[in-house]
Amino acid sequence: MNMPDNPERTVVGRLAPSPTGGLHLGHARTFLIAWLAARSAGGRVILRIEDLDASRVRPGSTEGAMVDLRWLGLDWDSGPDVGGPSAPYLQSLRGGFYEQALGRLQAGEWVYPCACTRAEVARAASAPHAGEEGPAYPGTCSWRTVADARSIADRPFAWRFRATTEPIIWNDLTRGRIELDPDRGGGDFIVARNGVGAAYQLAVVVDDHAMGVTQVIRGLDLIPSTPRQIMLYRRLGWPEPAFGHVPLAVENDGRRLAKRSGSLKLETLRAAGVDPRALVGILARSCGWSSMIEPSSPGDWISRFTINTLSSDPWVVPDELGSIRET
Ligand code: GLU
């Protein structure tokens, strides 16, 4: 666990869908950018399925995500279906790695056992998207030490990470310099639930490190998670990847595309007979790589890829796609 998989730090990107519902157009755009950022640098791409939260996993979603991504023309060098040096690529099978990292955090007293906020504890396995962050943790249990876990072992408890107090700064690949104060970003956060397993924040850091990931490109709504993950990298003594956050996709009335809403899912577009090459052309235009819709496959954009033309505004799904919906 101390030696990363990728000692030369060659570019490795990842696609990390949660199999909780079908992928939508916003995912398609973010994954296209993540894929091109790696491929245009001659790098590798990993597909990792983030299925930690069993209560939210929808049967068939993992296979569905792979069908959607392949339909779009994306591929990966390592993943649940093709294997690879850091297998397994399903988070639900990686509990031992998370345990080991938690043990290191416990050894340094970087985490403490916390028996409050049951709702937050229950949500911790999933990546917190916009509006799901909740208020900052007031520090009720922060006086506890690791050894106190024994005294609260009769009730459900979580392991909470002691956030540092200095601002966390990173140079975001799409947004430039970002500085966030961990306290304003929620303070101490949950990394595992006793007897249940790792929370999203710990799992994603352990996996990205173990898989040698050097570039994390994902939706803008995960920005509040990034300082937390950077703090974990630092405490675990691991090199941090570069982070880039892609603006979300919105409907033309400004509503965010939610993968739970049933609208504008890739499977719906596929069933409606949309040509994936036309879709890639629409996505490429939306990223500023062309002023026209050029029917194309993702590989056609490798030499023209740049992240600099990406607007920092949300992407308003164009009418020709917005009209294709599940009925
Ligand atoms: N699996 C997360 C999601 O679908 C993404 C996490 C990440 O990219 O770090 O929301």
Side-chain angles (χ1 to χ4, degrees), residues 12-35 37-38 45-58 61-62 64-66 68-69 74 76 79-80 86 88-94 98 101 123-133 168 170 172-175 178 180 185 189-191 197-233 238 240-249 256-261 265-266:
V12 177
R14 44 64 150 196
L15 315 175
S18 299
T20 54
L23 301 183
H24 61 54
L25 276 174
H27 294 116
R29 186 164 177 264
T30 302
F31 288 148
L32 175 66
I33 295 168
W35 186 91
V45 175
I46 289 173
L47 176 70
R48 181 175 70 237
I49 302 293
E50 305 212 317
D51 59 348
L52 269 192
D53 188 349
S55 69
R56 289 177 64 181
V57 168
R58 205 190 65 181
S61 278
T62 296
M66 293 197 277
D68 286 346
L69 294 170
L74 301 180
W76 44 91
S86 314
Y89 293 93
L90 296 173
Q91 287 191 325
S92 56
L93 301 178
R94 299 182 56 82
Y98 310 144
R123 283 198 310 265
S126 294
H129 290 278
E132 295 172 358
E133 284 286 336
I168 300 290
W170 76 96
D172 199 271
L173 293 171
T174 65
R175 319 282 296 182
I178 300 185
L180 284 179
F189 58 91
I190 291 172
V191 291
Y200 159 73
Q201 305 291 358
L202 180 63
V204 78
V205 166
V206 169
D207 289 347
D208 282 335
H209 172 69
M211 296 175 184
V213 169
T214 62
Q215 276 186 350
V216 171
I217 295 186
R218 58 188 175 192
L220 192 73
D221 56 340
L222 285 166
I223 282 186
S225 290
T226 300
R228 298 174 173 184
Q229 293 168 19
I230 290 175
M231 286 186 267
L232 284 169
Y233 278 104
W238 295 339
E240 294 152 30
F243 290 94
H245 294 89
V246 176
L248 300 180
R256 188 186 152 211
L257 297 193
K259 64 184 154 188
R260 292 171 278 281
S261 78
K265 286 186 182 168
L266 300 190

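This structure is a prediction, so every number in the text was calculated from the model and none was measured. Whatever order the structure lists ligands and atoms in, that order sets their numbers, starting from 1.
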Tell me whether ligand 1 is touched by H27 - counting only heavy atoms on the residue side and a distance under 4.0 Å.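 The answer is no: ligand 1 sits nowhere under 4.0 Å from a heavy atom of H27.
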Is ligand 1 less than 4.0 angstrom away from at least one heavy atom of H129? yes
So does S92 get a backbone contact from the side chain of D51, meaning a donor-acceptor N/O pair under 3.5 Å?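 Present.
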Is any side-chain heavy atom of T226 closer than 4.5 Å to one of H245? yes
Going by the atom numbers of ligand 1, which of them fall below 4.0 Å from some non-hydrogen atom of [X]?
X: L222; value: 5 (C), 6 (C), 7 (C)
X: E50; value: 1 (N), 2 (C), 5 (C), 6 (C)
X: V204; value: 9 (O)
X: R218; value: 7 (C), 8 (O), 9 (O)
X: Y200; value: 6 (C), 7 (C), 9 (O)

Qualifying residue for side chain to side chain contact (heavy atoms under 4.5 Å, CB included) with R14, from L47, V45, V204: V204
Pick out which of R175, Q229, Q215 makes a side chain to side chain contact (heavy atoms under 4.5 Å, CB included) with F243.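 Running side chain to side chain contact (heavy atoms under 4.5 Å, CB included) over R175, Q229, Q215 with F243 returns exactly one hit, Q229.
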Would you please name every residue forming a salt bridge (charged side-chain N to carboxylate O under 4.0 Å, His left out) with D207, sequence neighbours left out? R48, R94
Which segment of V216 sits under 4.0 Å of ligand 1 when only heavy atoms are counted: neither
Under 4.0 Å between heavy atoms, the region of R14 that gets near ligand 1 turns out to be side chain
Any idea which heavy atoms bring G13 and A38 closest together, and the distance? N-CB, 3.9 Å
Nitrogen or oxygen atoms of A16 and ligand 1 under 3.5 Å apart: yes
Apply side chain to side chain donor-acceptor pair (under 3.5 Å) to R56 and S18, showing your working. CA-CA 9 Å; R56 289 177 64 181; S18 299; over 6 Å; no
